[in-house]
Peer 1: 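Okay, handing you the structure first.
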Amino acid sequence: MSLEDELLEQRLNRIREIEALGFPAYGRRFEFTHTLPRIAAEYGSKTAEELEPPVSVRVSGRLETIRRMGKAGFAHLSQGGTRLQIYVKKDAAGERDFQLYQLLDIGDIVGAEGYLFRTRTGELSVHVTSLHFLAKTLLSMPEKWHGLEDVETRYRQRYLDLIANPEVRQVFVTRSRIIASFRRQLEAHGFIEVETPMMQPVYGGATARPFITHHNALDIDLYLRIAPELYLKRLVVGGLDRVYEINRNFRNEGLSTQHNPEFTMLEFYQAYTDYRGLMDFSAELLRQVAIDATGGLEVEYEGNRLNFGRLERMSMREAIIRFWSGESRPSMDDLRDPDWLLRHSSRSSPGEALAEIFERVAEPCLIQPAIVYDYPVETSPLSKNKPEEPAMVERFEIYAAGMELGNAYTELNDPQEQRRRFDMQLAMRARGDEEAHQMDEDYIRALSYGMPPTGGEGIGIDRLTMILTGSKSIRDVILFPLLRPEGPLGLADRLRALDGRER
RNA sequence: GGGCGCGUAGCUCAAUUGGCAGAGCAAGUGACUCUUAAUCACUAGGUUGCAGGUUCGAUUCCUGCCGCGCUCACCA
């Protein structure tokens, strides 16, 4: 018999012993007086004298350590990212509860009643008068000193990662704070949160390959959305002047440290503003998010100190000139010259060439949070042209740590021009660009009813979370990143074999 | 999809040129009524990711496959 089977059998037997003492192996509702974080906050700095007269508490948590010493012993409970020591002495807890203490395993979930005191070494602890059993662990916990290091196991069994590695919990708490901060700020500016279709008959709003699924009753293929954009703007047509959505997008593309097939975007649309207005708003939003998430404006990422207190602004052409390395730095005139652009890129149109050169030359250098504005029309089928240079559009992207964090533009609200843009995209698709936009006639119909001048923006929540939590991989900020399926575990078979057979 | 790397006990890691697969934690038994990586004694635990090959002999060398990581391509 393997060790794991032996362990499983031991634990199942132990359940019988615990039940024989009169404790259910899997308890029910437990009334507590304090969470462990609250005890830490309220009593963490109290001296032994200040804990007189005794403070009675009823707490619960998962057992992280157990130190048994004959007729007494210690253990650490963990709850809400906080540990609290309990002291179980036979004289104080009584015969039956002390027997229970002797049957506990690391990982079990228990309740403890008693009073707070300081041990001789000064650690705040609960002097236990009564123990409760709440849930049994059948499998052994990761090692207490090194935690759980195996990356694959950490992603596949995130619950173990959260139990064994306290800093992981903090990453996801911060992620939650980031999202809450956006919501709070947008609500304060009069935005309302909406939910638009995840399953779409025509996908759009971004350049990407979609996932395809099928609806049986209607017998139609549907696409998991690559962006909510076109639906949100239909809502602006409908008079929802300030709307936002924080939700998943799905893109059927490769995985990397910066790409997960499903990822979370904030998109918001504000009528009667333009991309200049959104630049100001973006700077305000990011500044406050950084404060809400980290307590400050500066954050250390990959050896750089990033300051979210300001967003430097530069045009795409300025960025190329500024970050050009090596000989023959181009001039502003070069970057307006179609021949120069096509000579310096393998792309087929001057605008695509400009964007490609920017991504190659400047994007990796954009370490400090920055706004890059004015994009070529070819790469921006939904943005409004610049009046003085129709080949360019009123669009900007937000960069930090060499990553694209956000994308915003003055929305194109002229249905005839939008139809021409879709035609342009169809031509690109005919040339083999699989990611070029589809024609969306229903969207053109919506614009044909008149959409107010509008600014719209998307911010990648995962990447922003990476930066604000110092995470190197997007998988570290997504609780359950996509992995290949694991294959059969055999646990059901083992449990079935042991069911009712334990002594 | 390409390139590079990794896979050994439940967890964290060793194993000399190809020569008896080991340790710590966790687990079991015993001792211990203020320990905190508790301590002490003893015990058990392995299809070395999977399948082949080379060899007297493979954790080690070779081939294929599976999984993961990094990276390039694609993308946000």
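If you're wondering where the values come from, they're calculated on a predicted model, not measured in any experiment. Just so we're on the same page: letters track the sequence lines, and every chain starts at 1.
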Peer 1: Given B:A44, B:G28, B:U12, identify the nucleotide with an atom nearest to the side chain of A:Asp150.
Peer 2: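 It is B:U12.
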Peer 1: Could you check if a side-chain atom of A:Leu278 sits within less than 4.5 angstrom of a side-chain atom of A:Phe268, using non-hydrogen atoms only?
Peer 2: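 They are in contact (side-chain heavy atoms under 4.5 Å apart), so the answer is yes.
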Peer 1: Quick one: is B:G69 close enough that its OP1 or OP2 comes under 4.0 Å of any side-chain N or O from A:Ser473?
Peer 2: no
Peer 1: By nearest atom, which of the nucleotides B:C11, B:U71, B:C34 is closest to the A:Phe117 side chain?
Peer 2: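 For A:Phe117, the side-chain atoms sit closest to B:C34.
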Peer 1: Which residues, if any, of residues 58-75 of chain A bring a heavy atom under 4.0 Å of RNA chain B?
Peer 2: A:Arg67, A:Arg68, A:Met69, A:Gly70, A:Lys71, A:Ala72, A:Phe74
Peer 1: Please state whether the rings of A:Phe422 and A:His437 are parallel, tilted or perpendicular, taking 30° and 60° as the class boundaries.
Peer 2: tilted
Peer 1: Rounding to a whole Å, what distance do you find between A:Arg14:CZ and B:A26:P?
Peer 2: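 After rounding, the reported distance stands at 14 Å.
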Peer 1: A:Glu356 and A:Ser345: side-chain donor and acceptor closer than 3.5 Å?
Peer 2: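 On atom types as modelled, these side chains qualify, holding a pair under 3.5 Å.
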Peer 1: Does a salt bridge link A:Asp493 with A:Arg496, judged by any charged N lying under 4.0 Å from a carboxylate O?
Peer 2: yes
Peer 1: Flag the pair A:Glu411 and A:Lys233 as a salt bridge only when some basic side-chain nitrogen lies within less than 4.0 angstrom of an acidic carboxylate oxygen.
Peer 2: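 Yes, A:Glu411 and A:Lys233 are salt-bridged.
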Peer 1: Could you give the distance separating B:A31 and B:C13 at their C1' atoms, to the nearest angstrom?
Peer 2: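 Those two atoms are separated by 30 Å.
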Peer 1: Identify which nucleotide among B:A76, B:G69, B:U33 has an atom closest to any side-chain atom of A:Arg463, counting heavy atoms from C-beta outward.
Peer 2: B:A76
Peer 1: Could you state the CD-C1' distance from A:Glu123 to B:A37, rounded to the nearest angstrom?
Peer 2: 13 Å
Peer 1: Please report the distance separating the C1' of B:A26 from the corresponding atom of B:G69, rounded so that it comes out in whole Å.
Peer 2: 27 Å
Peer 1: Which value, in whole Å, describes the distance between the P atoms of nucleotides B:A58 and B:C50?
Peer 2: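 Here B:A58 and B:C50 have their P atoms 15 Å from each other.
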Peer 1: Atom CG of A:Asp105 to atom C1' of B:G10: distance rounded to whole Å?
Peer 2: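 Going from CG in A:Asp105 over to C1' in B:G10 covers 13 Å.
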Peer 1: Of the nucleotides B:C34, B:A27, B:A38, which has the atom closest to the A:Lys144 side chain?
Peer 2: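 So the side chain of A:Lys144 is nearest to B:A38.
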Peer 1: Would you please say whether a donor-acceptor pair under 3.5 Å links the side chains of A:Gln170 and A:Arg175?
Peer 2: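 No, because no side-chain N or O of A:Gln170 sits under 3.5 Å from a partner of the opposite role on A:Arg175.
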Peer 1: Using the P atom on both, measure B:G7 against B:G49 and round to a whole Å.
Peer 2: 8 Å
Peer 1: How close or far is atom P of B:G67 from atom CD of A:Gln157, stated in whole angstroms?
Peer 2: 17 Å
Peer 1: Say whether A:Ser140 and A:Arg11, considering side chains only, have a donor N or O and an acceptor N or O under 3.5 Å apart.
Peer 2: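 No, no side-chain donor-acceptor pair sits under 3.5 Å.
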Peer 1: In this structure, how many angstroms lie between the P atom of B:G49 and the CZ atom of A:Arg484, rounded?
Peer 2: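 Taking CZ of A:Arg484 and P of B:G49, I get 20 Å after rounding.
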Peer 1: Can you tell me how far P of B:G45 sits from CZ of A:Arg11, to the nearest Å?
Peer 2: 18 Å
Peer 1: Whole Å only: how far is the NZ atom of A:Lys90 from the P atom of B:U33?
Peer 2: 10 Å
Peer 1: Are the charged groups of A:Arg225 and A:Glu245 less than 4.0 angstrom apart, N to O?
Peer 2: yes
Peer 1: Could you give the distance separating B:C61 and B:G19 at their C1' atoms, to the nearest angstrom?
Peer 2: 15 Å
Peer 1: Over 60° means perpendicular and under 30° means parallel, so tell me whether A:Phe117 and A:Tyr87 are parallel, tilted or perpendicular.
Peer 2: tilted
Peer 1: Just how far, in rounded Å, is P of B:G69 from CD1 of A:Ile474?
Peer 2: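 Checked: the CD1 to P distance equals 13 Å.
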Peer 1: Would you write out the dot-bracket form of RNA chain B, 5' to 3', with Watson-Crick and G-U pairs under 3.5 Å, [ ] for crossing pairs, | for pairs to other strands and . for unpaired bases?
Peer 2: (((((((..((((.....[..)))).(((((.......))))).....(((((..]....))))))))))))....
Peer 1: I'd like the C1' distance from B:U8 over to B:G2, given in whole Å.
Peer 2: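 Approximately 29 Å lies between the C1' atom of B:G2 and that of B:U8.
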Peer 1: Let's test your reading of the model: under 3.5 Å, does the base of B:G24 pair with the side chain of A:Glu143 as donor and acceptor?
Peer 2: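 Yes.
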Peer 1: If we ignore hydrogens and angles and just use 3.5 Å, is the side chain of A:Arg83 paired with the main-chain N or O of A:Ser78 as donor and acceptor?
Peer 2: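 No, A:Arg83 side chain to A:Ser78 backbone: no donor-acceptor pair under 3.5 Å.
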Peer 1: Any idea which of B:C70, B:C74, B:U33 is nearest the A:Lys89 side chain?
Peer 2: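 Among the listed nucleotides, the one closest to the side chain of A:Lys89 is B:U33.
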